Each structure stands twice: as structure tokens, then as C-alpha cells.
There are 2 protein chains.
Amino acid sequence: MKITSRFTVAVHTLLVIYNFSQTTKVTSDFIAASVQVNPVVIRRTLLSLKAAGMVDVKAGSGGASIVKDLGDITLYDVYKAVDSMDGDMFHFHENPNPACPVGRNIHAVLDAHLADAQAAMENELKKGTLLDLTKDLASKQG
Amino acid sequence: MKITSRFTVAVHTLLVIYNFSQTTKVTSDFIAASVQVNPVVIRRTLLSLKAAGMVDVKAGSGGASIVKDLGDITLYDVYKAVDSMDGDMFHFHENPNPACPVGRNIHAVLDAHLADAQAAMENELKKGTLLDLTKDLASKQG
DNA sequence: TTTGTTGTAATCTTTTTGATTACATCGTTA
DNA sequence: TAACGATGTAATCAAAAAGATTACAACAAA
């Protein structure tokens, strides 16, 4: 009943690239060492972030860089980029009985509420940008 | 990355009890037939709902009934009653590297945002009561 | 005491996530 | 152009979680 760690891994990945790409070649191994997951997990994350137009990854020579203004990337954008999921956060039981008046209408009465709840969560994620996070990070480091 | 179907099953269960307990003995088998899941799943759901003070279940003779005003039960209450989860909706990667300035602070900069997002979702669920759902249901049936 | 039901444990299957291995391919550079 | 260090990507594995299912003791009422 959880949202994948892919999301927090992706945010972590972006922050590592931002923090080190000026001074170091930021490879999947380098990022993996900070996040402490398998490098292949990072490569897959980078593929998603690249597809979303947030980073550039150099095949062959290696190294990732950020290609979109961090002020234009919200947490929601990252979330959507890496956490595909079919769109619905709530998992509905599959086969309510259509022969029962409750089973027949349970979707009709619940779906809107579930969608609203999910939208509320997503809207909250839209409020914070990656740029905000880098500022927070800088202040913690300072 | 999903929220368990336990939640929708529980809402469905409460609505079935509400709709039929006047005219029928509502057993776990009866509810299971409407939700179309295994009766044991319903019994576990009923145990959670009973623990939350929403229903009464008669051991032995059988049958469930609602013991709390449906206007005082929000979707959030049901959600909390049946979806234990340790409290956090987001799954954070376990071991960010403390030797890295990003890994060391990633929790500090992200946790508040994740908590806010979860709270936004939960607050939305607090807006609708089970009584509202029964009214919606009645209008669909009518 | 028989019957129908709940409470609850145990097991199994499926699904999902992430770890891991493997390797072809690509860019750079020596 | 050969060697080297990376990435892209597939395939496999293992662990975790959710439900389904089986089983049965306890219980309440007829």
C-alpha cells in the first residue's frame, strides 16, 4: 500500500547530479553510491528522467547532467516521470457483484472521492520545486 | 504503489450492512457475495471495523450491524480502520549514504513535503461521510 | 446437541519491487 | 583502431505484500 521508493530515489538522483555535475563526472555508479541502491536501478531512473526531458545522459563516455531549469520541475513532475502506475493510486476490488444494488453502484459512488483524494495529494506535490529542495539542502549543508 | 483494496472492500462492506441489515442477517458470506472476495477477507475487514467501533458482529449466531452514526464516519475513518500501514504512504529508500552531503540530508529536505502530500490526501477523505455515500447510492438505485 | 457462523491461524499463489548478472553498444582516448 | 569505461537493456532471482483458500476451534441459538 505504498508508493514506490522510485520517487524518492529519483529526487535524490536529481539532487546528486545538481550538486556534483560541475566538479565530477556523475555516473550511475556515483549516484548509486549516494543513494545506496544497485547502479542498474539508477540507470533505469535516469532513463525515466531523460524521457521526461529533465536530464541528459551520455552513453559511452558517461555522466548525467540536468537540462531543465530546476525551478520548473515540481515534485509532481518527478513523481509522474518515474512512477508509472496505471494512474490510480487506490486499488479497487475487481469484481463487485452487479446483481447486488450495492455492488452495482459502488464504483459510481466511490470513484469521484478517490479521484479527489489522489488529486489533492498530487496538487500538494506540485507546490514544491526541485530548486526549493536545493536551497533547503544548501542551508542544511551550510 | 497502490493503496490496498481493503479500503474499498471496507466501504463496500459498510454499505451492504447498512442496506440489508434491516431485512436480512448479514453474514460474512452474504457480504462476500456482493464484494466477490473470499469470506475470510470480509471477516478480517469486520474485525477491523469492529475494533474501530463502527460495527457489531455476533459471534456464533452471526450477522453484522452498524453501531455508529454513518454521518460520523468519514472515508478517512474507514481508511485508517482497515489500512494499517505503518503510517507513511511514501516509501523512502532505506539507506542513503551519510558520507554524502545529499544522502545525509535527503530525508531532512523531503520528509515534510511527503507528509504534506499525504495529509492533503487524508484531509480530502475526511470530507465525505458514509451517510453521503448512502444518499448517493439511494439516488442511483432510484 | 446440532447447526450455522465467527475468530483466527496456516499455507499458497500471485504480483510487485528491487537486486543482480550479463552483455551488446557507444564514445573517448591513447 | 583497439582498449576502456559507461550506458542501455534484457533476463533472472529473491523478498515482500496481498489475497485466496483451507481448516478448525469456539460460540450462540434453536
Side-chain angles (χ1 to χ4, degrees), chain A residues 1-10 12-13 16-17 20-21 24-33 35-51 55-65 79 82-96, chain B residues 1-10 12-13 16-17 20-21 24-33 35-51 55-65 79 82-96:
Chain A
M1 66 316 190
K2 297 243 185 194
I3 287 169
T4 318
S5 68
R6 278 203 284 268
F7 174 44
T8 59
V9 167
H12 191 150
T13 293
V16 167
I17 298 172
F20 293 101
S21 60
T24 316
K25 183 166 73 167
V26 181
T27 66
S28 57
D29 276 24
F30 183 90
I31 300 168
V35 182
Q36 297 213 137
V37 297
N38 194 285
V40 176
V41 172
I42 299 297
R43 286 189 212 135
R44 278 196 274 258
T45 301
L46 287 173
L47 286 177
S48 296
L49 295 178
K50 186 163 79 170
V55 303
D56 183 49
V57 184
K58 290 217 172 353
S61 58
S65 56
Y79 168 71
V82 299
D83 211 312
S84 66
M85 78 158 105
D86 66 9
D88 291 326
M89 182 172 70
F90 291 93
H91 185 8
F92 219 107
H93 50 288
E94 301 291 340
N95 303 306
Chain B
M1 67 314 193
K2 297 242 185 195
I3 286 170
T4 318
S5 68
R6 279 204 283 268
F7 174 44
T8 59
V9 167
H12 192 150
T13 293
V16 167
I17 298 171
F20 293 101
S21 60
T24 316
K25 182 166 75 168
V26 181
T27 66
S28 58
D29 276 23
F30 183 90
I31 300 168
V35 182
Q36 297 212 138
V37 297
N38 194 284
V40 176
V41 172
I42 299 297
R43 287 189 212 134
R44 278 195 274 257
T45 301
L46 288 173
L47 287 177
S48 297
L49 296 177
K50 186 163 80 169
V55 303
D56 184 49
V57 185
K58 290 217 172 355
S61 57
S65 55
Y79 169 71
V82 299
D83 210 313
S84 66
M85 77 159 104
D86 65 11
D88 291 327
M89 182 172 71
F90 292 93
H91 185 8
F92 219 106
H93 49 289
E94 301 290 340
N95 302 307

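In what follows, chains are A, B, ... by sequence order, proteins preceding strands, each numbered from 1. Note that the structure is predicted; figures quoted are calculated from it, not measured. Atom set for the values below is all heavy atoms of this structure, side chains included, hydrogens, waters and symmetry mates excluded.
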In whole angstrom, what separates A:F7's CZ from C:dG18's C1'? 18 Å
A:R6 CZ to C:dT16 P: how many Å, rounded? 11 Å
Roughly, in whole Å, what's the span from NE2 in A:H93 to P in D:dG19? 11 Å
Those residues that, when tested against A:R43, pass side chain to side chain donor-acceptor pair (under 3.5 Å) (two or more places apart): A:S28
A:N95 atom CG is separated from D:dG19 atom P, nearest whole Å, by 14 Å
Here the distance between atom P of D:dT7 and atom CZ of A:F30, to the nearest Å, is 12 Å
A:K50 side chain near D:dT7 phosphate (N/O to OP1/OP2, under 4.0 Å): no
Contact string for nucleotides 21-30 of chain C, one letter per nucleotide 5' to 3', B = base within protein heavy-atom range under 4.0 Å, S = sugar-phosphate only, - = neither, reads BB---BSS--
Going by side-chain contact (heavy atoms from CB on, under 4.5 Å), name the residues that satisfy it together with B:T27, two or more places apart in sequence or in a different chain. B:K25, B:D29, B:F30
Whole-Å distance separating the CG atom of B:L49 from the P atom of C:dT6: 14 Å
Applying side-chain contact (heavy atoms from CB on, under 4.5 Å) to A:A64 and not counting sequence neighbours gives A:I17, A:L46, A:V57
Mind checking if A:L46 touches a base, just sugar-phosphate, or nothing, with heavy atoms under 4.0 Å? nothing
Strictly below 4.0 Å: does B:S5 bring a side-chain N or O up to OP1 or OP2 of D:dG19? yes
Choose from D:dA6, D:dA20, C:dA19 the nucleotide whose nearest atom is closest to any side-chain atom of A:T27. D:dA6
Does B:R44 put a side-chain nitrogen or oxygen below 4.0 Å from OP1 or OP2 of C:dG7? no
Please report the distance, rounded to the nearest Å, between CD1 in A:I31 and P in D:dG8. 11 Å
d(A:R44 CZ, A:N38 CG) to nearest 0.5 Å is 8.0 Å
Nearest-nucleotide comparison on DNA chain D, the residue closer to the 5′ end among A:V57 and B:Q36: A:V57
Tell me whether the rings of B:F90 and A:F7 are parallel (<30°), tilted (30 to 60°) or perpendicular (>60°). tilted
If the cut-off is 4.0 Å, is B:S28 near the phosphate of C:dT6, judged by side-chain N/O to OP1 or OP2? yes
With the side chain defined as heavy atoms from C-beta on, A:K25 is closest, among D:dG5, C:dG7, C:dT17, to D:dG5
Interatomic distance, A:F90 CZ vs D:dA18 P [rounded to whole Å]: 15 Å
Could you work out, with salt bridge (Lys or Arg N to Asp or Glu O under 4.0 Å) as the rule, every residue matching B:K58, not counting sequence neighbours? B:D56
Those residues that, when tested against B:V9, pass side-chain contact (heavy atoms from CB on, under 4.5 Å) (two or more places apart): A:H93, B:S5, B:T13, B:V35, B:I42, B:T45
